Amino acid sequence: MIKVVKFGGSSVANSTQFAKVKGIVESDPSRKFVVTSACGKESHEDHKITDLLYLCEAHVRYGVSYDDIFNLIEDKYQRIKKDLHLTIDLDKEFAMIRDHIKHGISTDYLVSRGEYLTARCLAEYLGAYFVDASEVIFFRYDGKIDMERSRQKLLEKCTDHARVVIPGFYGVLPNGVIRVMSRGGSDITGSVIANIIDADVYENWTDVSGFMVADPRIIKNPLRIPRITYNELREMSYMGANVLHDDAVFPVRSKNIPINIRNTNEPDNPGTMIMNDCSEMDRLEPPHYVTGITGRKNYTVITLVKSHSSAEVGFLRRILSIFEEYHVSIESVPCTVDTFSVIVQSAFVEHCVYEIMGRLKKEFDPDDLRIEEHMALVAIVGRGMRSVPGMSGRLLSEFGRNAINLKVINQSSDELSIVVGVDNRDFEKAIQCIYDRFIAEERKAV
Ligand code: ASP
């Protein structure tokens with residue numbers, strides 16, 4: 001069994017967190033590949049090292065003194081070194097970075113130093129071998145990861161070592177220049193490494209115990225989702241729930257490697273397991289109907305009514321092409337006879353909604369053209385809903401009982417999710433009543 005374990009910024013924010021990481025890594029000999037982010041915030045008022053490095057770079061670029069920010073960064077690592085009795089020569093490391101800055105430094109190189117230094121400290125503390133991401137994560141010039149070259153180098157560099165620590169978030173271009181990924185990119189590094197070494201599981205350690213059934217800011221102490229499929233996760237994240245970098249899914253999914261989201265501050269909690277296919281485990285323990293409830297406020301619905309238009313071939317395409325001209329991404333298009341509604345995120349049409357309305361009016365001369373703003377969409381996601389008769393019926397009656405006016409309802413044909421549109425004002429109430437009915441009550445009944 002081989003595991004890749006990735007620790008996010010909050011897991012390595014200070015020496016106390018480092019000690020928790022050590023406990024986690026050493027409690028399982030299969031945790032052989034350790035990937036780390038840069039130190040995150042220790043408290044609400046603190047700053048992420050990566051943010052400080054970006055800030056430092058901006059100061060350098062505009063010719064403003066960066067000493068204060070640089071000192072904050074250096075202090076953080078010196079404190080970790082002192083607390084953990086490390087021998088790493090940080091004076092030399094920081095002198096080298098300062099020297100690079102003096103002679104013209106690239107943004108990517110400077111911000112990558114957060115992960116580099118964190119990984120150096122962590123490797124020493126764990127007694128593991130440090131492998132620089134610049135030696136094993138290779139990009140092509142188009143920014144995609146060169147999996148073949150990365151595989152070759154990673155295997156070459158790591159095979160002789162019982163445990164390795166690799167900084168996340170960066171790699172090198174073919175010319176050897178450091179390049180960073182998008183923010184949160186250490187998730188991708190972990191996933192790429194898990195793919196290359198054919199890991200049995202990719203553990204992603206963060207500060208939450210996996211995915212919750214619903215947003216804890218809306219539902220008090222929501223239940224944890226023990227297992228979720230990649231498809232369900234996609235539905236959830238598309239509607240707003242986000243714990244993992246989107247691009248971290250593909251490398252592991254393509255090899256059927258499960259991702260386990262875990263909490264460094266609560267290591268005994270099994271977290272959430274994300275898998276391609278949960279059917280084997282579902283047979284032993286059938287899933288609940290609803291895996292998760294998510295949603296987002298602030299959608300706009302533009303509705304066009306024109307009699308006999310349903311019979312006209314290409315009518316809908318012509319409506320949509322106007323949105324395309326304005327480069328507006330469309331969320332959903334519920335239609336009935338001669339009535340076409342287009343749902344979009346309000347932020348996407350803020351600047352052009354009245355122009356779009358004008359174009360629709362001019363081109364279609366509709367019987368009615370309406371715009372409705374302030375709508376929220378709520379998605380009820382669950383592989384357990386498939387082939388269960390009456391799910392939407394129960395949902396509708398629940399909304400009726402709670403006096404929530406339903407504006408839209410849409411179910412995907414794979415029956416993986418039901419999306420409903422309600423007034424922004426009813427958003428929290430809608431989530432609460434779905435949670436009460438489909439999660440709290442049903443689990444009580446089991
Ligand atoms: N340190 C980087 C960031 O803050 C990458 C990461 O944490 O994954 O975005």
Side-chain angles (χ1 to χ4, degrees), residues 4-14 17-18 20-21 24-25 33-58 69-70 72-77 80 93 97 105-123 130-134 136-137 139 143 145 150 164-172 178-195 202-208 210 237 242-252 259-265 271 274:
V4 172
V5 288
K6 179 255 160 176
F7 291 94
S10 58
S11 304
V12 285
N14 55 27
Q17 294 302 93
F18 266 61
K20 292 181 190 169
V21 168
I24 292 164
V25 171
F33 288 80
V34 180
V35 174
T36 183
S37 290
C39 308
K41 290 182 186 191
E42 280 182 71
S43 64
H44 206 63
E45 300 74 46
D46 195 16
H47 302 282
K48 291 174 90 171
I49 287 292
T50 308
D51 292 338
L52 293 176
L53 286 164
Y54 272 113
L55 201 59
C56 193
E57 193 277 333
I69 302 165
F70 201 80
L72 280 178
I73 300 169
E74 186 164 358
D75 283 354
K76 168 89 90 180
Y77 287 99
I80 291 174
E93 293 291 346
I97 301 172
I105 197 168
S106 80
T107 310
D108 285 31
Y109 176 82
L110 181 55
V111 296
S112 72
R113 295 306 84 189
E115 267 69 14
Y116 167 81
L117 289 168
T118 309
R120 286 285 311 274
C121 292
L122 189 62
F130 170 79
V131 177
D132 197 347
S134 64
V136 292
I137 299 291
F139 288 105
I145 290 182
S150 304
V164 295
V165 176
I166 305 169
F169 186 45
Y170 70 97
V172 276
I178 298 264
R179 182 192 161 108
V180 296
M181 300 169 184
S182 52
R183 296 300 304 264
S186 303
D187 283 346
I188 307 172
T189 308
S191 179
V192 163
I193 293 173
N195 171 301
Y202 169 31
E203 288 180 349
N204 195 294
W205 291 81
T206 169
D207 54 4
V208 289
S237 54
N242 248 328
V243 172
L244 195 68
H245 194 299
D246 273 354
D247 295 343
V249 170
F250 181 73
V252 275
I259 305 178
N260 189 193
I261 307 288
R262 302 286 290 267
N263 188 349
T264 302
N265 305 316
I274 313 166

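Both counts, for ligands and for their atoms, begin at 1 and track the order of listing. The structure displayed is predicted, hence computed values, not measured ones.
- Using modelled atom types, one finds a donor on one side chain and an acceptor on the other under 3.5 Å when comparing Tyr77 with Thr118.
- The side chain to side chain contact (heavy atoms under 4.5 Å, CB included) test with Glu115 singles out one residue from Ile166, Thr50, Asp132, Val180, and that residue is Thr50.
- Not a single heavy atom of His245 sits under 4.0 Å from any atom of ligand 1.
- Below 30°, between 30° and 60°, or above 60°: for Phe7 and Trp205 the angle between ring planes is below 30°, a parallel geometry.
- Considering backbone and side-chain atoms together, Ser186 places an N or O closer than 3.5 Å to an N or O of ligand 1.
- Among protein heavy atoms, the minimum distance from atom 5 (C) of ligand 1 is reached at Glu115 OE2, 3.4 Å.
- Within the structure, the closest approach of Gly185 to ligand 1 falls below 4.0 Å when heavy atoms are considered.
- The protein heavy atom nearest to atom 7 (O) of ligand 1 is Ser37 OG, 3.0 Å.
- For a threshold of 3.5 Å applied to N or O pairs, the pair formed by Gly184 and ligand 1 contains at least one separation below that value.
- Taking the six-membered ring wherever Trp is involved, the centroid distance between the rings of Tyr116 and Phe130 falls below 6.0 Å.
- The protein heavy atom nearest to atom 4 (O) of ligand 1 is Arg183 NH2, 2.9 Å.
- Residues Lys76 and Glu42 are paired through a salt bridge, judged by an N-O separation under 4.0 Å between the basic side chain and the carboxylate.
- Every atom of ligand 1 is numbered from 1 in the order shown, and the set under 4.0 Å from a heavy atom of Lys48 is 4 (O).
- Ile97 places none of its side-chain heavy atoms less than 4.5 Å from the side chain of Glu74.
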